[in-house]
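Just follow the structure's listing: the first ligand is 1, and inside any ligand the first atom is 1. Both backbone and side-chain heavy atoms feed into the values below; hydrogens, waters and symmetry mates do not.
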Amino acid sequence: MKIFNGDIVYSAENHELSLGGTRVTYAEHIKTHPKSIAMVESDNEKFLTLLDESGLTGHGGAHFPVARKLRAAMQSPPGGKVVANAAEGEPGSVKDAALWQYVPHTVLDGMLLVAHLIKAERLVIWVHDEERATLRSIADAIAERESAGNPIKLDILRMPVRYTSGENSAVIAGVRGEAIAPRYGLDKARPWGVGNPAILSHNSETLARIAMVHNFGREAARQHLLSILAQDRRIVREVSSSETYQQAMPEVKGNPAILFGGYGASWLSWETVKHLRADPLMLRAAGLSFGAGIVGALPVDACVIEETGRVLTWMASQSARQCGPCFQGLADVSDRWNLLVRGGMNQEGYSILLERIGLIPGRGGCAHPDGVIRLVRSAITLFGDEVDAHLNGSCTLLESIPFLPIPGVSVMS
Ligand code: SF4
């Protein structure tokens with residue numbers, strides 16, 4: 001059972017999403033989701049067992065088992081908060097926006113179910129300030145429920161766009177009224193502080209999947225949203241974990257490299273990707289990460305070294321500046337990498353770059369720098385010929401049209 005009945009296409013030009021249909025109102029939603037209004041009577045243990053059997057994991061990137069996180073939160077005293085994380089830090093991802101703009105009531109049902117399970121007293125939506133269409137749709141959803149006699153009380157917390165502001169521990173900190181920055185070494189199953197009422201944050205897609213499993217059974221957990229960047233379009237597409245990427249993305253043909261997972265993940269070749277199944281757990285077993293579900297098909301006339309440099313520079317600027325290896329180390333690696341991009345690096349400089357890259361992983365308070373370095377290393381491993389071309393000053397693809405979206409910079413036109 002799918003959430004959407006087709007692709008959602010994002011226009012980078014006017015920042016709008018369009019679906020081959022319209023936004024689902026509350027009246028339409030309760031017709032197609034019959035358990036929506038009965039959820040407060042749900043049998044907790046039966047539902048948790050169903051979630052366990054479905055194998056549902058979080059869709060924010062970490063893919064932690066949902067039922068396990070809920071059971072842990074249920075040990076906390078009542079009176080906590082359920083947070084829907086709608087702050088997509090990944091510039092290539094528009095799946096949260098698609099959910100909130102087209103099927104807000106499915107996500108809200110997920111929040112209500114979780115609140116019921118953990119006896120939370122407040123619902124919070126954590127969203128970037130500039131997501132105007134999302135905020136409009138949420139306001140409409142609240143009004144629709146109110147006029148249907150099912151009012152819902154929500155706190156909406158808005159914050160500036162930043163890569164790390166959607167990181168789970170940063171969200172929890174922000175909801176507590178503290179500085180919005182990742183915190184060190186939090187247990188993913190108990191991120192709210194032992195003994196206190198839970199502040200339980202879930203990715204928006206995770207909440208929608210919880211509601212879908214509740215309504216339609218365990219098979220509803222076998223679907224995932226991809227954010228596909230291909231040709232000149234961004235598409236949100238719902239795919240089944242039994243599909244290969246080749247089946248799921250027929251528009252990708254002969255692209256030299258695939259950004260797989262997001263800006264903190266990896267470059268892979270299409271030859272590798274096309275045979276993989278869109279199944280986060282199978283990918284993890286193969287040493288790969290589904291991440292935020294981003295699949296970016298690099299055009300044939302784009303330079304992977306230059307694209308990596310653009311992402312690296314932006315990711316370095318997104319450090320929360322708490323740990324030296326992150327904010328100083330990434331800035332240093334970014335400067336050196338961009339020298340390589342421009343053909344201004346010799347072998348000795350390249351050796352120093354590799355040494356500096358090796359100093360960063362595992363030394364930040366959160367996974368931000370590790371992800372960036374993973375991406376850089378995958379470019380080096382997979383595209384050694386491209387690195388050599390840059391060391392020889394002979395890359396012919398430089399100054400091609402930028403492909404990967406960077407906030408504030410126009411691309412893919
Ligand atoms: S590694 Fe970077 S983003 Fe993470 S906590 Fe440290 S400074 Fe912040």
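Near Gly364, meaning under 4.0 Å from one of its heavy atoms, ligand 1 places the atoms 1 (S). The atoms of ligand 1 that sit less than 4.0 Å from any heavy atom of Ser319 are 2 (Fe), 7 (S). For ligand 1 and Gln322, the ligand atoms under 4.0 Å from any heavy atom of the residue are 5 (S), 7 (S), 8 (Fe). Heavy-atom proximity to Pro369, at under 4.0 Å, picks out these atoms of ligand 1: 1 (S). Atom numbering of ligand 1 starts at 1 in the shown order; those under 4.0 Å from a heavy atom of Gly365 are 1 (S), 6 (Fe).
Under the 4.0 Å criterion applied to side-chain N and carboxylate O atoms, Glu238 and Arg209 are assigned as salt-bridge partners.
By the 30° and 60° cut-offs, the orientation of the rings of Phe4 relative to Tyr102 is perpendicular. His105 and His29 have tilted rings, their planes meeting at an angle from 30° to 60° on a 0 to 90° scale.
Note that NE2 of His214 and CG of Asp109 are 9.0 Å apart. Values are rounded to the nearest 0.5 Å.
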- Task: Applying side chain to side chain contact (heavy atoms under 4.5 Å, CB included), run through Leu48 and Asp52 and close with a yes or a no.
- Result: CA-CA 6 Å; Leu48 286 167; Asp52 259 334; 5.5 Å; no
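Counting heavy atoms of neighbouring residues, nucleotides and ligands inside a 6.0 Å radius, atom CZ of Arg71 exceeds 12 of them.
Put simply, Cys366 stays out of reach of atom 2 (Fe) of ligand 1, with no N, O or S atom under 2.8 Å from it.
Only the backbone of Arg321 comes within contact range of ligand 1, with a heavy atom under 4.0 Å; no side-chain atom does.
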